[in-house]
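Within every chain, numbering begins at 1; the chains are lettered A, B, ... in the order of the sequence lines, protein sequences first and strands thereafter.
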Amino acid sequence: MKEFKRYTVTAALPYANGPKHIGHLAGAYIPADVYVRYLRSMGKDVLFVSGSDEHGTAIPNQALKEKTTSRAIIDKYHVQIRDCFRKLGIAFDIYHRTSEPIHHETSQEIFLNMFNKGLLDEEISEQYYDDEAKAFLADRYIVGTCPRCGHTNAYGDQCEKCGSTLSPRELINPRSTLTGNVPALRETKHWYLPLEKYEHWLQEWILKGHAKDWKVNVYGQCKSWIDAGLQSRAMTRDLDWGIKVPLPEAEGKVLYVWFDAPIGYISATRAFFREVSLGKLEFAQPQRSFGLVQPEDWKKYWQDKETKLVHFIGKDNIVFHCIIFPIMLHAHGDYIVPDNVPANEFMNLEGDKMSTSRGWSIEMHEYLEDFPDKPDVLRYCLLANLPETKDSEFTWKDFQSRNNNELVAILGNFVNRALVLTQKYFDNKVPHRSTLDTIDIKAIEVLRVLPSRIAQSLEYFHFREATAGLLDLARLGNKYLADTEPWKLIKSDPVRVGTILNLALQIVANLGIVAEPFLPFSAKKINEMLNRKPETWIDAGSDVLMAEGHALGVSSLLFEKIEDGVIVQQLEKLHNKKLGIETEVYSSMPLKDEITFDDFAKLDIRVGNVLKAEKMEKSSKLLKLIVDTGVDHRTILSGIAQHYTPEEMVGKQVTLIANLKPRKMMGIESQGMILMAEDAKGKLKFLQPSDIVSPGAVVS
RNA sequence: GGCGCGGUAGCUCAGGUGGUUAGAGCGUUGGAUUCAUAACCCAAAGGUCGGGGGUUCAACUCCCCCCCGCGCUACCA
C-alpha cells in the first residue's frame, strides 16, 4: 500500500433540510470518524472535514412546508445536525456550511476557472417563466395535471401520486406555485459539464487504476455508469436559492447544488486554515496540533499528489463522488482526485427501509434524547453491523444484545475484573511483575499482534472486522484471568497474583488505546480509571504500559445493562411515529378543487370483469388486461404487476373509468383505467363491489 | 426490461487469484467456575454455501440459465 504524506478525509455533507438518522451515521460518519481517529492515533497528518449542504431546491421546499424561510431551515438543521455529531463523538476538524461566504467564493472561483478554460458548454433551452414573480421556475415550483395518472397536483419533476418522473413541459395545465399564474415558456441559458468527454480518463483512472483497491459495490456502480455512457449535465439552475453564477449574463441563476456541494469539502478546508492561522475559531475545531499554519496551507490537502483523499459516503452518493466531482477536479487541473471512496450500502431498520419522511427511522437527536449517556453503544452497534458489502439491518433487540452480551459482559466486565482485583489485593496500585510463565508469554504474544491486526483491518476499511478485533482483545483478558485464576492463588502465592494482575492491567491499558477510535468516550473513561494520559496507537501491543507501583484511579462501570422494557418502549415509539406520520400524510393531502355534479357526470365509471391477464413484455410494472365492460371487451394496461399476478386477476371484478381518453403505453393502447387504492406502504388494492354485479354496471 | 451489488448455520455476517473435516459472534444445549454488572471460561449440536446445468482430478469460489432481495435506469399505474 502506497505511503502518503498526509490525508484529507471527508464525510458526506448532510443535507440541511431535516434531521439525519442512524443510517446516515452508519453509511458515512461513524466509519469516517473511526478511520480518522485511528490515523491521528498513528501520528498521521490528517484533516477531517464535513459540513452542512444548504443549497438546492429541497431547502426552499422544506421552508414552504414549515412555513418559514430557507435561511431559517438551514440554520435550524445545521445546528441540530452539528450538535448531534458532536455528542456522538464525530471529531471533525471543521464542520462548515455551504452558506458561508468563503464557500460561495470558492465555488465561484472554480466555476469561473472552468468557464475560462472553456470546459463548460453553453446551451439554450426553453423553460417555464413566471412573469409576476420574474423568475424561471424550477421543476418543483410548477404543478399541473399528471399526463399519466391525471393527478392534478403533480410537480414538474415528478408526480407523487403515481411516481412518474416528469419534465415540466409534460404537465397539463401547468401553473406556478409562487403566484398561481400560468407560466410561459422562455429561453434560458445554462452551462453544462460534458461528462462524456472524460469517459476515457475515467476508464483509465477507475476501471484500470482502481479495479483492486476499491470496494466491489463502488467499482461496479462506477463501471455501470461509465459503460452506459455519460451525458452532459447542467451545472447551473434557474433558482433564487444558492450560489450566484459568477457571469454577467447569468442573472437569477445559481450553481447546481451538486456542483457546489462537494466543493464544500474544499472551502471547509480553506476556512479551517484561515481560522486556525488567524487564531479565530468559528467553525474549526482542530482535533490535533497543526503547528504553525498559513491560510494557503489548504492547498497541501487538495493539490499535493502526496495527499491521500478519501471520501466517506453512502451508496446514494457514489456517482457524484466517483464520477462528477472527480471530473470537475480533474478538468480544473490543479486538484488531486480521491484515492478511495469506501461507500457503504444502506442500513435497514427492523425489517424495513429507513426513511425520515415515512417515520421509519431513528433520528440522531431522538437517540441522543433517549440515551444521552450512551453514544458509544450506538457507535458500537452501528460498527458491528456496518453495511459494508450489502444492506444490513439494525434492530433494537440486536442493540440490546450487543450492549449486554458484548460491551457489558466482555469489554466492561474484563476492565472491571482487572481493576476490582487490583483494588482488593494490591491497594489499587499496579503490582510487581516477577517471572513469567508460559501462559503469560502466550498472552503477551497475542497482545502484541492484535492491535496491528486491527490496524490492518482499518487501513482496508474493514470496520466490522476491526471492531470484532477490539472485542477479541477484551476476550484475551477474560480468558487470561479465567486460565490463571488469581482469586484462587491469592492466599498461596500473592507474588504470582501480582504478575497476573500486572499483565491484566497492561491489557486494560491497551484497550484504552485501541478502543479510542471506536468508543472514544469509553476509552477516555478507561484511561481515567487507570489514572493515565492516553497514548498513541504506536504504543499499542506493548506489555509495559503500566509502571509498577502506579496508583490507579477510581473505577466505575463502563457500560450498563439495558433491560427488556427499554427495548419494548423503543419499538412502540418507532411504530407510533410511523402511524402518526401516515395519518399526517393522509390528512395533509389537500382536497382537490371542488367540481360540479356535471363534472362528475362526465366520468363513466363501470364495473368490469377481467377476462384475460398477461404480463407486458419488457415492463416490470404493467399488466395487460382484457376486460369485459358490458358493452365491449377492451384492452387496459394497468401498472399492478408488482402487486398482482396475471393469474390472480383473471375472473376478478374491477372498477374502471370507461371513457378515459385512450393512451398508448409501450406500443399498446390502453382503453381505460382501473381504479386502485394505495395503502401507506404503497401497496395497491383494486376496488370491487361488495357483491358480484353484471359487467357494465354503472357506478354513480 | 437493461445494468450493478447481494442470496453461506435459528439470527447478524467472514470466506484475494478453485484444493485437506466451510468459519466468527450472538442464540441453543452441556460442562467448569465465582474475582466480576448471574457476567466470564471450555465444549457440543447446528449448513446438500438460493435452485438447476456445465467446465475441472477438484467449485461456496469459474461459465450458462432460472428464482429472490436491494439499488440505478427504462417504461409506468
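- Rounded to whole Å, the C1' atom of B:A59 lies 12 Å from the corresponding atom of B:A22.
- With the 3.5 Å cutoff on both pairing distances, Watson-Crick and G-U pairs in RNA chain B assemble into runs of at least 3 at B:1-7 with B:67-73, B:10-13 with B:23-26, B:28-31 with B:41-44, B:50-54 with B:62-66.
- Within 4.0 Å (heavy atoms only), A:E345 reaches no atom of the nucleic acid at all.
- Contacts of A:V408 with the nucleic acid, taken as non-hydrogen atoms under 4.0 Å apart, include base atoms.
- Counting non-hydrogen atoms under 4.0 angstrom, A:F559 reaches a base of the nucleic acid.
- Of the candidates B:C26, B:C35, B:A39, the closest approach to any side-chain atom of A:N413 belongs to B:A39.
- B:C62 and B:G16 have their C1' atoms separated by 14 Å, with the value rounded to a whole Å.
- One C1' atom belongs to B:C68, the other to B:U8, and the distance between them is 15 Å to the nearest Å.
- Remark: A:S355 pairs with A:S357 by the side chain to side chain donor-acceptor pair (under 3.5 Å) rule, at least two apart or across chains.
- To the nearest angstrom, P of B:G7 lies 13 Å from CG of A:N217.
- Going from the P atom of B:U17 to that of B:G50 covers 16 Å, rounded to whole Å.
- Heavy-atom nearest nucleotides on RNA chain B were determined for A:Y425 and for A:K353, and the one closer to the 5' end corresponds to A:Y425.
- Contacts between residues 480-493 of chain A and RNA chain B, defined by a heavy-atom separation under 4.0 Å, are made by A:A482, A:W487, A:K488.
- At whole-Å resolution of the value, NZ in A:K374 and P in B:U37 are 17 Å apart.
- Comparing B:C3, B:C40, B:A14 by their closest approach to the side chain of A:I410 singles out B:C40.
- Looking at every heavy atom in both residues, A:A504 comes nearest to A:L481 through CB-CD2, 4.1 Å.
- Distance A:Q221 CD to B:G71 P: 12 Å, rounded to the nearest Å.
- In this structure, A:K315 reaches the sugar-phosphate backbone alone: every heavy-atom distance under 4.0 Å involves primed, P, OP1 or OP2 atoms, never a base.
- Base contact: A:L558 has a heavy atom under 4.0 Å from a base atom.
- Listed by chain and residue number, A:Y367, A:W396, A:F399 satisfy the ring-ring contact (aromatic ring centres under 6.0 Å, His included) test with A:F371 (two or more places apart in sequence, or in another chain).
- For the side chain to side chain donor-acceptor pair (under 3.5 Å) test, no residue two or more places apart in sequence or in another chain qualifies with A:N404.
- Using P as the reference atom, B:G47 and B:C57 are 31 Å apart when rounded to the nearest Å.
- Counting to the nearest Å, the P atom of B:G25 and the CG atom of A:L407 are 16 Å from each other.
- Using a 4.0 Å heavy-atom cutoff across all strands shown, A:A409 reaches sugar-phosphate atoms only and no base atom.
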Please table the atom pairs, donor to acceptor, closer than 3.5 Å between any side-chain atom in residues 417-426 of chain A and protein atoms at least two apart or in another chain.
from, atom 1, to, atom 2, distance (Å)
A:R417, NH1, A:N478, OD1, 2.9
A:T422, OG1, A:A418, O, 2.7
A:Q423, NE2, A:S555, OG, 3.0

Are any protein N/O atoms closer than 3.5 Å to N/O atoms in nucleotides 10-12 of chain B? If there are, list each pair with its distance.
from, atom 1, to, atom 2, distance (Å)
B:U12, O2', A:N385, OD1, 3.2

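- One atom, NZ of A:K215, and another, C1' of B:G16, lie 16 Å apart when rounded to the nearest Å.
- Going from atom CZ of A:F414 over to atom P of B:A36 covers 15 Å, rounded to whole Å.
- Straight-line distance from the CD atom of A:Q400 to the P atom of B:A39: 12 Å, rounded to whole Å.
- Looking at which nucleotide of RNA chain B each of A:L421 and A:E406 is closest to, the 5′-most match is held by A:E406.
- Listed by chain and residue number, nothing satisfies the salt bridge (charged side-chain N to carboxylate O under 4.0 Å, His left out) test with A:D316 (two or more places apart in sequence, or in another chain).
- Ring-plane geometry between A:F325 and A:H311 is classed as tilted, the angle between the planes lying from 30 to 60 degrees on a 0 to 90 degree scale.
- Closest to the A:N478 side chain, of the nucleotides B:C40, B:C13, B:G25, is B:C40.
- In this view, A:H462 satisfies the ring-ring contact (aromatic ring centres under 6.0 Å, His included) rule with no residue, not counting sequence neighbours.
- Checked against side chain to side chain donor-acceptor pair (under 3.5 Å), A:N531 has no partners two or more places apart in sequence or in another chain.
- Using a 4.0 Å heavy-atom distance criterion, A:K223 is classed as making no nucleic acid contact.
- Of the candidate nucleotides B:C35, B:G6, B:U37, B:G6 has the atom lying nearest to any side-chain atom of A:V216.
- Nucleotides B:G46 and B:G69 place their P atoms 32 Å apart, quoted to the nearest Å.
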Start with the C-alpha gap between A:I567 and A:Q400, add the side-chain angles, then the distance that decides, and say whether side-chain contact (heavy atoms from CB on, under 4.5 Å) holds. CA-CA 7 Å; A:I567 299 306; A:Q400 180 192 28; 3.6 Å; yes
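- We find that A:D440 and A:K442 are not joined by a salt bridge, their nearest charged nitrogen and carboxylate oxygen being 4.0 Å or further apart.
- Applying the side chain to side chain donor-acceptor pair (under 3.5 Å) criterion to A:Q570, with sequence neighbours excluded, gives A:D370.
- Separating the CZ atom of A:R417 from the P atom of B:C35 is a distance of 10 Å, rounded to the nearest angstrom.
- For A:N405, whose side chain is taken as the heavy atoms from C-beta onward, the closest listed nucleotide among B:A14, B:G27, B:A36 is B:G27.
- Nucleotides B:C41 and B:U33 have their C1' atoms positioned 8 Å apart, rounded to a whole Å.
- B:A77 sits 47 Å from B:A24 when the C1' atoms are compared, rounded to a whole Å.
- Judged as a ring-ring contact (aromatic ring centres under 6.0 Å, His included), and not counting sequence neighbours, A:F518 has no contacts.
- Inter-residue side-chain proximity for A:D472 and A:L450 is flagged as met; some heavy-atom pair is nearer than 4.5 Å.
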